[in-house]
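Here is the structure we will look at, set down as structure tokens.
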Number of protein chains: 2
Amino acid sequence: MAKKHELIKGSIDSLLLCVIVQQPMYGYQIIKELERRSQGYFKFKEGTLYPALHRLDKAGLIRGEWQTLPNGRQRRYYYITEKGLNILAAKRGQWLDFLTAMNLIIQPASE
Amino acid sequence: MAKKHELIKGSIDSLLLCVIVQQPMYGYQIIKELERRSQGYFKFKEGTLYPALHRLDKAGLIRGEWQTLPNGRQRRYYYITEKGLNILAAKRGQWLDFLTAMNLIIQPASE
DNA sequence: CTATTGTGCATAGTGACACTAGGTGTCATG
DNA sequence: CATGACACCTAGTGTCACTATGCACAATAG
């Protein structure tokens with residue numbers, strides 16, 4: 001039960017690219033940003049986010065760079081790549097297609 | 001590659017309930033109906049559909065009944081149950097919530 | 001001074017689930 | 001007689017989000 005979020009599968013990549021494309025971000029910040037912008041709907045845990053970031057990094061869609069803060073701490077900022085931009089555009093299109101198809105089926109028969 | 005359909009995960013149950021609620025259907029027909037109504041977007045294979053139907057049946061959301069055609073062939077028609085109706089309503093709500101959240105993130109920053 | 005909470009990164013294990021690939025059998029068409 | 005449509009089914013596989021856990025440091029609370 002309580003598996004309301006099965007829909008999310010397959011959308012995380014797009015979500016991550018969407019926030020990183022606006023400005024480079026580090027993991028923890030991404031979680032907060034997604035929660036903020038979705039008005040609390042998306043609350044990813046680290047165990048979900050970091051593997052996803054690594055996957056995108058490995059795929060060449062984003063690039064992670066360690067940065068040292070003035071206090072000596074380390075953060076890993078992720079930047080979107082050219083390839084990532086292309087994929088993001090494609091994913092936006094896929095999302096629209098999917099959305100359209102879903103709405104054709106799921107909307108209550110309104111006749 | 002060619003995994004454009006990762007988004008579909010978690011939506012199949014809703015799709016099946018959506019078509020069965022309008023009229024009882026059998027598996028093969030459901031595939032065709034979903035393809036027709038989505039204008040070709042959803043093309044489920046039997047290996048995807050039948051396990052999903054069995055799952056919904058087991059969960060009590062639909063009920064399958066064998067019917068014998070005049071020519072002696074057998075079809076299994078699925079009917080939605082009371083429980084299925086409730087779940088369908090809930091799933092429609094979840095879909096709207098998800099849709100809203102996704103759009104908040106994914107739409108191009110249009111300011 | 002210690003405990004908790006927040007920040008920040010990471011991995012291992014699990015379970016759900018759609019997909020591929022295959023199997024059975026009938027019927028109509030070429 | 002072979003192909004494709006019809007109609008059902010299952011086993012195996014891979015992906016992926018989630019839970020749980022760990023490390024490390026800072027700030028605040030008690």
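In what follows, every chain begins at residue 1, and chains take the letters A, B, ... in the order their sequences are listed.
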Relative to each other, are the rings of B/Tyr77 and B/Tyr26 parallel, tilted or perpendicular (30° and 60° limits)?
perpendicular
Figure out the OH/P separation between A/Tyr78 and C/dG8, and round it to whole Å.
14 Å
Aromatic ring pairing B/Phe44/B/Phe42, orientation class (parallel under 30°, perpendicular over 60°, tilted between):
parallel
Rounded off to whole Å, could you give me the CG-to-P distance for the B/Leu53 and D/dT10 pair?
12 Å
Whole angstroms only, please: what is the CD1-P distance between A/Ile31 and C/dG6?
14 Å
Indicate, with a heavy-atom threshold strictly under 4.0 Å, whether A/Gly27 touches base, sugar-phosphate, or nothing.
sugar-phosphate
In whole angstroms, how far is the C1' atom of C/dC27 from the CD atom of B/Gln74?
16 Å
With a 4.0 Å cutoff (strictly under), does any side-chain N or O of A/Arg76 reach OP1 or OP2 of C/dA10?
yes
Please state how far atom CH2 in B/Trp66 lies from atom P in D/dC8, giving the value in whole angstrom units.
6 Å
Whole angstrom value for the distance that separates P of D/dA17 from CD of A/Glu46:
16 Å
With sugar-phosphate meaning primed atoms plus P, OP1 and OP2, does A/Arg75 contact a base, only sugar-phosphate, or nothing at under 4.0 Å between heavy atoms?
sugar-phosphate
Between C1' of C/dT7 and NZ of A/Lys32, the distance in whole Å:
9 Å
OP1 or OP2 of D/dC9 under 4.0 Å from side-chain N/O of B/Tyr50
no
For a quick test of reading the model: is some side-chain N or O of A/Arg73 closer than 4.0 Å to OP1 or OP2 of C/dC9?
no
Send over the distance from B/Leu49 CG to D/dT10 P, rounded to a whole Å.
13 Å
What is the nucleic acid contact for B/Gln29, judged by heavy atoms within less than 4.0 Å: base, sugar-phosphate only, or nothing?
nothing
